[in-house]
Amino acid sequence: MQTLGDLIHAAMATGLLAPSPPAWMRLGLPNIDAAMGGAGIQPGTVGILGGGTGSCKSTLAMHMALNSTDQWGVVSLEDNAAQLGLRAVAMAAGIDSRRLLRGTAACLDEIDPALRALWEREFPLFECPLDATQEEALVCARRLAQAGCRVIILDYLTKIRSDPGADRRSDIQRLWAGLQRCAVDEQVAIIAVTQLNRSSQRGEPSLQSPSESSSIEIEARFALMAWVSPDAMRADTQVISVKLAKNIWGGVGATDRFVRAGANLVHEDDCGYRLSPEEVQDDR
């Protein structure tokens with residue numbers, strides 16, 4: 001049993017009643033972080049990052065992990081350690097990862113500063129439990145939290161293995177409950193990456209778009225939606241948009257946009273020009 005005084009003390013302990021904004025977590029997305037009014041994502045919450053096929057969900061996850069000022073952890077259910085290392089080096093060096101696949105001799109001068117910087121970083125931390133069950137994924141999330149990560153991204157829900165004959169909806173609901181418990185116990189924020197259904201592969205997705213047959217979009221405390229559209233002003237240029245579609249603390253509608261440069265993302269602010277994504281007719 002808790003009194004109102006107990007609740008007020010709990011709010012004060014989390015910084016909610018402090019004279020300055022609470023020291024919550026940033027996403028490494030400048031427009032969205034700014035729109036949150038200095039607060040950010042609250043510890044103890046679980047949200048989603050939704051995107052269709054080819055919307056750079058995993059690349060966005062790595063971008064946020066490398067560019068946030070907070071300690072991030074990544075539970076990768078799709079990519080192994082070597083693939084993640086290649087992506088991190090390519091993004092930090094700002095070069096196409098396909099060049100690295102052809103051998104590093106030709107671009108050694110470009111990647112050497114990035115390699116040195118990445119070697120010295122304590123975070124982000126990674127777990128790569130390929131073909132994991134929900135229990136194994138939860139163990140990895142808790143391990144990252146206990147190692148000091150304040151934001152943990154689970155990439156992604158569709159890769160969670162269910163037992164043959166198991167009810168997928170029930171499995172995802174149990175996993176979600178486990179993620180919520182982990183977030184509260186460890187006082188971290190967790191972002192679960194989810195694939196969107198096929199009817200949401202064109203145009204800006206909605207909160208009703210996740211393909212997992214559960215109510216995660218309703219239970220999520222915040223939601224990011226990513227999609228791809230052409231740049232109306234520049235041929236052969238794809239714009240990756242990520243929008244804050246839901247957040248109980250505000251900032252909804254804020255959008256960060258990127259250009260896909262090989263396997264990397266370049267933020268609109270760093271392009272030297274404004275992006276003009278073409279309006280795509282949604283045929284849902």
Side-chain angles (χ1 to χ4, degrees), residues 25 27-29 32 41 45-68 70-92 97 123-145 147 149-162 168 171-172 175-176 178-180 182-183 186 188-197 200 205 209-212 214 216-217 220-228 240 242 245 256 258 260 263-265:
M25 286 77 91
L27 293 172
L29 302 171
I32 291 176
I41 298 297
T45 57
V46 184
I48 58 175
L49 166 61
T53 302
S55 60
C56 295
K57 298 184 296 297
S58 296
T59 305
L60 277 167
M62 180 68 79
H63 177 90
M64 291 189 289
L66 291 177
N67 287 278
S68 173
D70 289 297
Q71 299 94 334
W72 278 58
V74 178
V75 180
S76 177
L77 303 169
E78 182 177 35
D79 294 326
N80 60 35
Q83 292 168 320
L84 291 170
L86 180 72
R87 180 180 298 149
V89 171
M91 293 187 74
S97 60
F123 294 94
L125 300 177
F126 299 87
E127 291 275 356
C128 307
L130 303 182
D131 194 35
T133 63
Q134 59 174 299
E135 290 80 9
E136 291 166 339
L138 287 171
V139 167
C140 290
R142 282 192 179 271
R143 197 151 49 210
L144 289 173
C149 297
R150 300 188 70 208
V151 185
I152 298 166
I153 193 156
L154 181 68
D155 186 20
Y156 59 103
L157 291 180
T158 306
K159 294 295 182 178
I160 293 288
R161 174 165 54 86
S162 295
R168 183 66 178 175
D171 270 0
I172 293 299
L175 173 63
W176 193 266
L179 292 174
Q180 290 176 319
C182 175
E186 307 293 345
V188 298
I190 297 178
I191 305 173
V193 180
T194 181
Q195 180 78 8
L196 301 185
N197 57 51
S200 305
S209 300
S211 62
E212 294 293 348
S214 62
I216 59 174
E217 71 278 3
R221 305 295 272 175
F222 59 94
L224 300 164
M225 290 291 154
W227 70 98
V228 180
I240 313 299
V242 54
D256 281 275
F258 300 84
R260 191 204 301 264
N264 304 313
L265 300 179

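When reading the values below, keep in mind they use all heavy atoms of this one structure, side chains included, and skip hydrogens, waters and symmetry mates. Residue numbers count from 1 along this sequence. Source: prediction; values computed, not measured.
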Does any part of the side chain of I191, heavy atoms only, come nearer than 4.5 Å to the side chain of L27, both counted from C-beta? yes
With side chain to side chain contact (heavy atoms under 4.5 Å, CB included) as the criterion, how do M225 and I48 come out once you've worked through the C-alpha distance, each side chain's angles and the decisive distance to 0.1 Å? CA-CA 8 Å; M225 290 291 154; I48 58 175; 4.0 Å; yes
Does any N or O in the side chain of R161 come within less than 3.5 Å of the main-chain N or O of D131, such that one atom is a donor and the other an acceptor? yes
Are the side chains of M64 and L49 in touch, meaning some heavy atoms are under 4.5 Å apart? yes
Strictly distance-based, threshold 3.5 Å: is any side-chain N or O of K57 a donor or acceptor partner for the main-chain N or O of G52? yes
Taking every non-hydrogen atom, the tightest pair across I153 and A61: CD1-CB, 3.5 Å
Please report the closest heavy-atom contact between V188 and C182, naming both atoms and the distance. CG2-O, 4.3 Å
Testing the basics here: between L138 and G178, what is the closest heavy-atom pair and its distance to 0.1 Å? CD2-C, 3.5 Å
To the nearest 0.5 Å, tell me how far I160 CD1 sits from D171 CG. 9.5 Å
Sequence neighbours excluded, which residues qualify as ring-ring contact (aromatic ring centres under 6.0 Å, His included) partners of Y156? none
Rounded to the nearest 0.5 Å, what separation is found between the CD atom of Q180 and the CG atom of L175? 10.0 Å
side-chain contact (heavy atoms from CB on, under 4.5 Å) against F126, all qualifying residues, sequence neighbours excluded: M62, V74, L84, P124
To the nearest 0.5 Å, atom OG1 of T59 lies from atom CE of M91 at 6.5 Å
Considering residues at least two apart in sequence or located in another chain, which fulfil the side-chain contact (heavy atoms from CB on, under 4.5 Å) criterion with R221? T45, I248
